[in-house]
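What follows is a single structure, written as structure tokens, with notes after it.
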Amino acid sequence: MDNQFIFKYSWEILPKRWVKKMERSEHGNRSDTNTDYPFQLLCFLKLHTYTRVQVSIDICGVDYPSRKRRFEVVYNLLSTRYNSRIRVQTSADEVTRISPVVSPFPSAGRWEREVWDMFGVSSINHPDLRRISTDYGFEGHPLRKDLPLSGYVEVRYDDPEKRVVSEPIEMTQEFRYFDFASPWEQRSDG
Amino acid sequence: MIPSTTRKDLMIVNMGPHHPSMHGVLRLIVTLDGEDVIDCEPILGYLHRGMEKIAENRTIIQYLPYVTRWDYLATMFTEAITVNGPEQLGNIQVPQRASYIRAIMLELSRIASHLLWLGPFMADIGAQTPFFYIFRERELIYDLFEAATGMRMMHNYFRIGGVAADLPHGWIDKCLDFCDYFLTGVAEYQKLITRNPIFLERVEGVGFIGAEEALNWGLSGPMLRASGIQWDLRKVDRYECYDEFDWEVQWQKEGDSLARYLVRISEMTESIKIIQQALEGIPGGPYENLEIRRFDRIKNPEWNDFQYRFISKKPSPTFELSKQELYVRVEAPKGELGIFMIGDQSVFPWRWKIRPPGFINLQILPQLVKRMKLADIMTILGSIDIIMGEVDR
């Protein structure tokens, strides 16, 4: 449905230092790169005549706790001129800092804030790096796999103190994990 | 922040999370110099519900009721994209009839969303009447949805491989009647609003976005099309059965709020055209690809045996996502709604990233309101058409 043009072209043109691996599948093309290079790679993709990737659709983070560099930052990009999409992925661990891509793609500002807020992967020289979706005093990075779904604190309005307080969470029912193929079985081992 | 050279004290006003226009809970911290806006900073996160983390712990069919809560005005799009992802991952064919039903529902949802954009937009500008008129038409759409899906707003209708239930008898005629009535409704809005001098004073020339700038900021949907770029995912990606209908992409060149208004109004008329063509051409056949439902990890559980035939339920349609990544997208009324999903070889996805159009479209707001008057903020905010359910997820 979208053509493979910029993918094939960039595979031939890009210096091999920048791109570790390029992979092509029917569900979208991806290219893997090192942490030092996403800024250069994205600037190239944006400005070069034959790849003109002007729209940064999405920047997201993924957590693979079993890997050494556990986070992966994925940049989804779109070229409206060539009707092509391409995905650039970088891996990072908790302390690596990535270069922000805000100057070629101004829309990336909020995405990088969200990656910082949800995962803890920060950017060097980001113009405005602070939390975006979580609560004002929230500690931790929610979308990491080690933070449980219910979180650690719950909030309630405390009448004597006349404000909202956070307290450690108290669950009256144990967490039920619904993973069944047949409605009769709670946990299936098949 | 650009400090003013003449005045020393700038006023910082908090247009707080609760405000009367129905955009939701958005907090704007506006720095004013008299009536001119120096800077505006939106603060999000008041409606953050952790949709992405919940998605990692639910199967697709369990997650479907959650997705309508992202964009609660155009609910069919969120459901469509949730089922389109696994369908593309598993190469599941959708029957023709289901595809047509989906297209009809999506276009009705688009009309509903544009209507509920129009009402609050006009109410922000000062015209109270259209706010009530749109609910007339929206109630008719709700009635159609309730007849087909069972719920007025948060229908749990789409399934992997089709839709949940077929259209009831007589629905098609009712829908055709609605289309005829709605064309007169749109004509009424045009007469009331489009050449109204007060409206034009408020809206023309306000919030101009050029084509290059629109692409740089990653805008999509009517905001991009109002700046002169004819980019519509229904034509570009050719998903569902939109190829078989005869319709045009609506676009304008000016790039101001008036152009965005005109694009959305003409999109409503275009949607009616698509619905009429779909209703006339709807084929018979199955409404769901029932092969998928037979997915069972245990091959022959005893509960499906003959003696349990009256108490056995239908097997739950759990669908195993293969270990692939996919970015699936749909042209929602607000822009490009996308899901980036990474499957793990299990029933739960590993990562479910929602790309909401409102989140991106809202980024351009601080840029646009510099040098504008305070009253123009609401015009621009209204013309961007955001909904906080999807911005915050």
Side-chain angles (χ1 to χ4, degrees), chain A residues 1-2 25-28 30 46 52 54-64 72 74 76 78 80-81 83 85 87 89 104-111 114 117-118 128 131-136 138 142-145 147-149 151 175 177-185 188-190, chain B residues 43-45 48 50 52-54 56-59 62 88-89 91 212-213 215-220 224 229 231 236-239 295-299 301 303-304 312-316 318 324-329 336 338 340 342 346-348 350-351 353 355 359-360 362-364 367 392-393:
Chain A
M1 282 198 265
D2 48 16
S25 72
E26 60 194 75
H27 297 306
R30 60 179 264 183
K46 175 171 171 149
R52 287 305 265 173
Q54 279 177 312
V55 185
S56 139
I57 289 284
D58 192 16
I59 300 179
C60 72
V62 191
D63 186 14
Y64 292 103
E72 204 171 271
V74 181
N76 272 306
L78 161 70
T80 51
R81 175 168 311 182
N83 186 14
R85 295 182 187 251
R87 238 186 353 249
Q89 297 185 287
F105 298 110
S107 64
R110 286 225 192 135
W111 286 130
E114 191 189 343
D117 190 19
M118 295 282 138
D128 182 25
R131 62 175 72 252
I132 190 167
S133 303
T134 51
D135 197 7
Y136 286 111
F138 195 84
L143 277 173
R144 293 190 178 180
K145 294 285 178 184
L147 198 99
L149 180 59
F175 184 70
Y177 192 71
F178 295 107
D179 173 22
F180 44 84
S182 153
W184 297 105
E185 309 183 41
S188 65
D189 310 311
Chain B
I43 296 191
L44 317 172
H48 179 74
E52 298 180 359
K53 191 144 179 103
I54 293 177
E56 294 172 9
N57 288 300
R58 300 278 182 273
T59 66
Q62 285 172 342
Q88 286 183 21
L89 272 185
N91 275 329
E212 277 298 309
E213 211 182 326
L215 279 181
N216 277 339
W217 282 89
L219 303 181
S220 50
L224 193 60
I229 302 176
W231 180 258
V236 166
D237 271 347
R238 292 199 287 269
Y239 61 89
F295 174 78
D296 259 332
R297 273 187 283 176
I298 303 174
K299 273 306 157 189
W303 303 106
N304 283 340
S312 161
K313 309 182 202 174
K314 280 196 282 194
S316 164
T318 37
Q324 292 177 49
E325 310 174 344
L326 176 63
Y327 177 73
V328 60
R329 59 241 175 207
E336 175 181 330
F340 176 61
I342 300 184
S346 82
V347 290
F348 297 152
W350 184 255
R351 175 79 168 105
K353 169 78 170 65
R355 189 261 186 207
F359 190 73
I360 296 295
L362 190 56
Q363 286 204 54
I364 202 173
Q367 187 82 3
D392 285 335
R393 306 177 292 272

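Within every chain, numbering begins at 1; the chains are lettered A, B, ... in the order of the sequence lines, protein sequences first and strands thereafter. Quantities reported herein were computed from a predicted structural model and do not represent experimental measurements.
The two residues A:L143 and B:R351 have their closest heavy-atom pair at CD1-NH1, 3.8 Å. Taking every heavy atom of both residues into account, B:N216 and A:P104 meet most closely at OD1-O, 4.5 Å.
When heavy atoms are compared at a cutoff of 4.5 Å, B:I364 does not approach chain A at all. The part of A:D63 that comes within reach of chain B is its backbone (N, CA, C, O), which places non-hydrogen atoms under 4.5 angstrom from that chain. Proximity to chain A (any heavy atom under 4.5 Å) is shown, for B:L362, by both the backbone and the side chain. Only the side chain of B:I360 comes within contact range of chain A, with at least one heavy atom under 4.5 Å from a heavy atom of that chain. B:E336 touches chain A through its side chain: at least one heavy atom from C-beta onward sits under 4.5 Å away, while N, CA, C and O do not.
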Side chain to side chain contact (heavy atoms under 4.5 Å, CB included) evaluation trace for A:I59 with B:F340 | CA-CA 10 Å; A:I59 300 179; B:F340 176 61; over 6 Å; no
Decide yes or no on salt bridge (Lys or Arg N to Asp or Glu O under 4.0 Å) for B:R393 and A:E114, but give the supporting numbers first.
-> CA-CA 12 Å; B:R393 306 177 292 272; A:E114 191 189 343; 2.7 Å; yes
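Rounded to the nearest 0.5 Å, atoms CD1 (B:I342) and OH (A:Y64) are 3.5 Å apart. In this structure, A:D117 CG and B:H48 NE2 are separated by 7.5 Å, a value rounded to the nearest 0.5 Å. A:R110 CZ to B:L44 CG: the interatomic distance, rounded to the nearest 0.5 Å, is 4.5 Å. B:W231 contributes atom CH2, which lies 5.0 Å from atom CG of A:L78 (distance to the nearest 0.5 angstrom).
By number of non-hydrogen pairs under 4.5 angstrom with chain B, the leading residue of A:G109, A:A108, A:S107, A:C60 is A:S107. Counting heavy-atom pairs under 4.5 Å between each of A:I132, A:V62, A:N76, A:I57 and chain B puts A:I57 at the top.
At a threshold of 4.5 Å between non-hydrogen side-chain atoms, the residues B:E56 and A:K145 count as touching.
Looking at B:K353, its side chain never comes within 3.5 Å of a backbone N or O of A:G61 through a donor-acceptor pair.
Taking the ring-ring contact (aromatic ring centres under 6.0 Å, His included) definition, one finds that A:W111 meets it with B:F359, sequence neighbours left out. A:R144 pairs by the salt bridge (Lys or Arg N to Asp or Glu O under 4.0 Å) definition with nothing, not counting sequence neighbours.
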